[in-house]
Novice: 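Here's a structure for you.
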Amino acid sequence: MKKPVKYFVVDAFTESAFKGNQAAVCFLEEDHERDHSWLQSLAAEFDLPLTCFLIPINGSDLLHPPRFHLRWFTSIAEMDICGHGTLASAHTLFSNGLVGSSERVEFSTHSGILTAKRVDDCETKGSFLIEMNFPVITTCEYSSNDFSMFSKALNGATIVDVRATTKDKLVFKPLKGATKSTSTDQIMVVLSSWEAVAELQPRTEDIMKCPGKVMIVTAAAPEGSAYDFCSRLFAPKLGLNEVKKLNLHFSWAEALINSSLVTNP
């Protein structure tokens with residue numbers, strides 16, 4: 001008889017319930033691991049922007065933080081990496097005492113080892129922040145100077161630049177089994193202003209015709225802002241018309257590699 005699956009539903013990137021980015025965080029025991037088809041079917045049944053699966057890795061000791069296998073699924077596909085799903089997973093672990101007194105946790109993923117750290121919030125008693133460490137995904141110039149397809153998909157928005165993830169696939173140590181070759185296959189479109197990103201009304205059917213599985217639309221924040229940039233992410237090919245927030249924005253990270261970046265809430 002299979003054990004029931006314990007799960008939590010988390011609203012990430014928001015201070016209010018029923019807002020932000022939703023994610024289901026499911027806990028699986030190592031001796032009751034489910035196959036890929038089962039994981040995808042459960043994610044489809046949740047039908048949330050993301051479903052995360054956590055499996056504890058035995059053998060953690062006092063010298064190392066608790067470790068978990070972590071996988072992310074939309075309703076139709078598995079993701080190589082996801083910011084709000086990792087945040088939701090870390091929040092669930094810290095908030096429910098599932099990692100004891102540890103203030104750090106590590107996730108073994110298809111994109112390598114990701115870390116999350118609990119940090120006390122000095123401004124609000126009893127609450128905490130989460131710092132996450134993600135790999136830098138390098139980009140290259142888009143292969144064509146013809147941005148017309150992107151402009152059409154973004155409803156005529158003025159495009160400053162288009163970047164793409166590098167074509168070389170990265171090979172990471174997998175969760176289990178044979179090595180996995182993976183590519184994020186993302187396109188980042190830079191618009192002329194913060195307002196252009198905020199007011200954007202994209203055409204989903206035309207985004208489907210653009211290269212890449214994921215399109216990030218971004219712009220630098222205006223001078224004097226408390227933030228560095230704003231962004232929106234569209235991935236209809238992965239079952240996500242829009243994800244309200246993403247923690248990975250490669251080109252800004254490359255331009256300000258020694259700085260801390262702050263995005264709008």
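Starting from 1, each residue takes its place in the sequence as its number. Below, each value reflects all heavy atoms present in this structure, side chains not excepted, and no hydrogens, waters or symmetry copies.
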Novice: Would you say the side chain of Pro56 lies within less than 4.5 Å of the side chain of Phe27, judging by non-hydrogen atoms?
Specialist: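 Phe27 does not reach Pro56 side chain to side chain.
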
Novice: Answer yes or no: is there a side-chain heavy-atom contact under 4.5 Å between Asp206 and Phe150?
Specialist: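 Answer no - side chains too far apart.
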
Novice: Is it true that the side chains of Asp146 and Ser144 contain a donor and an acceptor less than 3.5 Å apart?
Specialist: no

Novice: Before giving the answer on side chain to side chain contact (heavy atoms under 4.5 Å, CB included), spell out for Gln186 and Ile216 the whole-Å C-alpha distance, their side-chain angles and the decisive distance to 0.1 Å.
Specialist: CA-CA 8 Å; Gln186 300 179 59; Ile216 298 170; 3.4 Å; yes

Novice: Would Phe53 and Ile76 show up in the same hydrophobic cluster when neighbours are defined by side-chain heavy atoms closer than 4.5 Å?
Specialist: no

Novice: Looking only at atom types and distance, does a side-chain atom of Ser225 sit under 3.5 Å from a main-chain N or O of Ala221, one as donor and one as acceptor?
Specialist: no

Novice: Apply side chain to side chain contact (heavy atoms under 4.5 Å, CB included) to the pair Val5 and Arg34, showing each step before the final yes or no.
Specialist: CA-CA 11 Å; Val5 175; Arg34 313 300 176 96; 4.0 Å; yes

Novice: Given the rule in the ring pair (Phe, Tyr, Trp, His ring centres under 6.0 Å) test, do Phe73 and Phe46 qualify, once you have shown the distances and angles that lead to the verdict?
Specialist: CA-CA 10 Å; Phe73 287 78; Phe46 274 117; over 10 Å; no

Novice: Under a 3.5 Å threshold, yes or no: a donor from one side chain and an acceptor from the other, between Thr109 and Trp72?
Specialist: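 Trp72 and Thr109 do not have a side-chain donor-acceptor pair below 3.5 Å.
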
Novice: Do you know which two heavy atoms are closest between Ala77 and Leu238, and how far apart they sit?
Specialist: CB-CD2, 3.9 Å

Novice: First locate atom OG1 of Thr165, then atom NZ of Lys213, and finally report the distance between them rounded to the nearest 0.5 Å.
Specialist: 10.0 Å

Novice: In Å, rounded to the nearest 0.5 Å, how long is the span from CG of Leu129 to NZ of Lys117?
Specialist: 11.5 Å

Novice: Roughly how far apart are Arg163 CZ and Thr139 OG1, rounded to 0.5 Å?
Specialist: 3.5 Å

Novice: In a check of side chain to side chain contact (heavy atoms under 4.5 Å, CB included) between Leu191 and each of Val197, Thr218, Asp161, which one passes?
Specialist: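 It is Val197, the one option of Val197, Thr218, Asp161 that forms the side chain to side chain contact (heavy atoms under 4.5 Å, CB included) with Leu191.
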
Novice: Heavy atoms only: give me the nearest Gly212-Ile187 pair and the separation to one decimal.
Specialist: CA-CG1, 4.3 Å

Novice: Less than 4.5 Å apart, any side-chain heavy atom of Phe134 and any of Leu114?
Specialist: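 Answer yes - side chains close enough.
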
Novice: Out of curiosity, Asn241 CG to Met208 CE, how far, rounded to the nearest 0.5 Å?
Specialist: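 Asn241 atom CG to Met208 atom CE measures 9.0 Å (nearest 0.5 Å).
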
Novice: Rounded at 0.5 Å granularity, tell me how far CG in Leu50 sits from CG in Leu87.
Specialist: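 Rounded to the nearest 0.5 Å, the CG-CG separation comes out at 11.5 Å.
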
Novice: Please assess Leu240 against Phe234 for the test side chain to side chain contact (heavy atoms under 4.5 Å, CB included), listing each intermediate value before the final yes or no.
Specialist: CA-CA 7 Å; Leu240 300 171; Phe234 307 97; over 6 Å; no

Novice: So, is the end of the Arg118 side chain (NZ or CZ) under 6.0 Å from the ring centre of Phe128 and within 45° of the ring's axis?
Specialist: yes

Novice: Find out whether Ile130 and Met132 are in side-chain contact, i.e. whether some heavy atom of one side chain is under 4.5 Å from a heavy atom of the other.
Specialist: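 Yes; the side chains approach each other to less than 4.5 Å.
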
Novice: Would you say that more than 12 heavy atoms from the other residues, nucleotides or ligands in this model lie under 6.0 Å from the CD of Glu205, or not?
Specialist: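 Enclosed.
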
Novice: With a 4.5 Å heavy-atom cut-off, do Thr115 and Phe107 have their side chains touching?
Specialist: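 Heavy-atom side-chain distance check fails, nothing below 4.5 Å.
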
Novice: Compare all side-chain heavy atoms of Arg71 with those of His36 and state whether any distance is below 4.5 angstrom.
Specialist: yes

Novice: Any chance you could measure Met215, atom CE, to Glu242, atom CD, to the nearest 0.5 Å?
Specialist: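 One finds 12.5 Å between CE of Met215 and CD of Glu242.
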
Novice: Please check if atom CG in Asn145 has more than 12 non-hydrogen atoms from other residues, nucleotides or ligands closer than 6.0 Å.
Specialist: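 Open.
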
Novice: Kindly give the heavy-atom pair with the smallest separation between Ala23 and Cys52, and that separation in Å.
Specialist: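 For Ala23 versus Cys52, the nearest heavy atoms are CB-SG, 4.4 Å.
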
Novice: State whether the side chain of Ser193 and the backbone N or O of Ala196 hold a donor-acceptor pair below 3.5 Å, judged by distance alone.
Specialist: yes

Novice: Determine whether a donor-acceptor pair (N or O, by modelled atom type, separation under 3.5 Å) exists between the side chain of Ser111 and the backbone of Asp80.
Specialist: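 Yes, the answer is positive, given that a donor and an acceptor are paired below the 3.5 Å cut-off.
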
Novice: Please name the pair of heavy atoms, one in Glu29 and one in Ile55, separated by the smallest distance, quoted to 0.1 Å.
Specialist: C-CG2, 4.2 Å

Novice: Please give me the minimum heavy-atom distance between His84 and Gln22, naming the atom from each residue.
Specialist: NE2-O, 3.2 Å

Novice: With a 4.5 Å limit on heavy-atom distance, are the side chains of Arg203 and Lys152 in contact?
Specialist: yes

Novice: State, with a plain yes or no, whether a side-chain heavy atom of Ser89 is found less than 4.5 Å away from one of Leu70.
Specialist: yes

Novice: Quick one: closest heavy-atom pair of Arg104 and Glu106, and the distance?
Specialist: NH1-OE2, 3.4 Å

Novice: Let's go through Val162 and Glu141 carefully: what are the C-alpha distance in whole Å and the side-chain angles of both, what is the deciding distance for side chain to side chain contact (heavy atoms under 4.5 Å, CB included) to 0.1 Å, and is it a yes or a no?
Specialist: CA-CA 7 Å; Val162 176; Glu141 292 185 8; over 6 Å; no

